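Read through the structure below, which is laid out as structure tokens, and then see the notes.
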2 protein chains.
Amino acid sequence: MNGTRDKKRTSKKRLQIVETAKDLFMRFGIRRVTIDEICRTAGASKMTFYKYFSNKIALLKEIWNGWLEEGYRRLEEIDGMEIPFREKLAEIIEYKMNLLSEIGPEFLDDVLHGGEELREFVQEMRQRNILRFMKYVHEAQERGDMRAIRPEFFLSVLDKIQELAEDERLRKLYNDDMEFIREIQNFLFFGVLPAETR
Amino acid sequence: MNGTRDKKRTSKKRLQIVETAKDLFMRFGIRRVTIDEICRTAGASKMTFYKYFSNKIALLKEIWNGWLEEGYRRLEEIDGMEIPFREKLAEIIEYKMNLLSEIGPEFLDDVLHGGEELREFVQEMRQRNILRFMKYVHEAQERGDMRAIRPEFFLSVLDKIQELAEDERLRKLYNDDMEFIREIQNFLFFGVLPAETR
DNA sequence: TACAAAATATACTATTTTTGTATATATTCC
DNA sequence: GGAATATATACAAAAATAGTATATTTTGTA
């Protein structure tokens, strides 16, 4: 009577429910997707759903958590690579922006304007995320890889840049997404001054 | 007391409601979008909505009708162009496929699996559409622009081809949409045999 | 300015959807 | 065969949505 917990977390139907929900949430946001619809699409019965999750929010939290974990793993993976810091930063930004565009604006909207509980959860997760990343930035500065700006400032800048990246009208001014991403990266790395003056 | 009807159909808010609904319907389908949401997004009050439309279906019918009218116009426009018939057909197909991909699968799903009334309406519109197109095909055959296949058969073929075009897995096998569309066009024009044997 | 048309705000009821649970049955897989 | 897992169905409670009534405000224009 040991592996019960583990079995529960890896059951076939459970995984199917999670994957289906992920897909639907990403396409339509959260409020537009009903539990019934998730079950139908996943080919699972409602009872099975409630066996594993107490409600839609619980399921959502698990999905969100999964993304964060994946993000941590990716961060460490990138950090372990034998490339200059600048390229590491570029990798991280690209990863984040791709994830963001996959997740889609509807999803983020619903999370941020959803109920109190969800907003709190996201805030908390964000906080933990930030702490990890701050440590990372600090180490980079110690090594001399980054200018001595305050980590808190850097994080706020990243937030603003993310907002920029989500601006559709802006994005449309570029021929393709890569060009847009590169522009953002270059600005982040070098600022606005031409190379000679630096 | 004359232009009342016209004024009603061209009122600013009315147009805004229609445009907003179009956008939301195309992105999320019909059932996922509430009247309240349309009003909020359009910056109109619910009373204004009900002044112009009796319900969501009525609004939808108007939108659908608009697309059909646009389609007719485009058909005539293409027909009037000074290009070979083959290219006209290519233009028509491209137009249809683009419209279809803009509309999105969620929309079509909801229309087809929606209530009785809506299905009937769509059937009726389709019927009218088909009659017009049949006439077009017939004329082309009279001019010798098309092989003498039966127009009904040709229409069924087009239906099947449209189903093909909507198959995501198939589409993914091509580098880009244009290559995919061209493959379909070529098949439609020339069949499967190589040029020498024709 | 003054009027009529158009739009809004608010509040409310009826309807429909969705949620979450209970119960009895079926399937799967050691 | 038996435990774990999944299902079907039906149902009450809760929540969302639709649609209406009434009173007020904004807007265009004669």
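Heavy atoms only: backbone and side chains are in, while hydrogens, waters and symmetry mates are out. As the structure is a prediction and not an experimental result, all values here were calculated from the model. Below, chain A is the first sequence line, B the second, and so on; all start at residue 1.
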Looking at [options], which one has an atom nearest to any side-chain atom of [X]?
X     : options               : result
B:Y50 : C:dT19, D:dG19, D:dA8 : D:dG19
A:S45 : D:dT7, C:dG20, D:dG19 : D:dT7
B:K51 : D:dT20, C:dA7, D:dT7  : C:dA7

**Study point:** For D:dA30, the Watson-Crick or wobble partner whose two distances fall under 3.5 Å
**Key:**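 Partner of D:dA30: C:dT1.
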Report yes if a side-chain nitrogen or oxygen of [X] is closer than 4.0 Å to either non-bridging phosphate oxygen (OP1 or OP2) of [N]; otherwise report no.
X     : N     : result
A:Y52 : D:dA6 : yes
B:T48 : C:dT8 : yes
A:K13 : D:dT7 : yes

Atom-pair distance ([atom1] on [X]; [atom2] on [N]), nearest Å:
X     : N      : atom1 : atom2 : value
A:I57 : C:dT19 : CD1   : P     : 11 Å
B:L59 : D:dA18 : CG    : P     : 12 Å
A:K46 : C:dA24 : NZ    : C1'   : 17 Å
B:D36 : D:dT20 : CG    : P     : 14 Å
B:I17 : C:dA6  : CD1   : C1'   : 12 Å
B:R31 : D:dA16 : CZ    : P     : 18 Å
A:R14 : D:dA4  : CZ    : P     : 18 Å
B:I30 : D:dA18 : CD1   : P     : 13 Å

Is A:F187 atom CZ crowded by more than 12 heavy atoms from other residues, nucleotides or ligands, each under 6.0 Å away?
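No - once you tally the heavy atoms of other residues, nucleotides and ligands closer than 6.0 Å, there are 12 at most.
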Check your understanding: Is there a donor-acceptor contact under 3.5 Å from the side chain of B:E106 to the main chain of B:M26?
Key -> no
* Donor-acceptor contact below 3.5 Å, side chain B:K88 vs main chain B:D79 ->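 The answer is yes, because a donor-acceptor pair under 3.5 Å joins these two groups.
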Contacts of A:E37 and A:K12 projected onto DNA chain C by closest heavy atom; the upstream (5') one is A:E37
DNA chain D nearest-nucleotide lookup for B:M47 and B:K56: closer to the 5′ end is B:K56
Practice problem: Run the salt-bridge test on B:D167 and B:R171 with the 4.0 Å N-O cut-off and return the result as yes or no. | Solution: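 The answer is no: the pair does not qualify as a salt bridge.
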Looking for any heavy atom pair under 4.0 Å, which part of the strands does A:T34 touch: base, sugar-phosphate only, or nothing? sugar-phosphate
Item to check | Ring centers of A:W67, A:F107 separated by less than 6.0 Å | outcome: yes
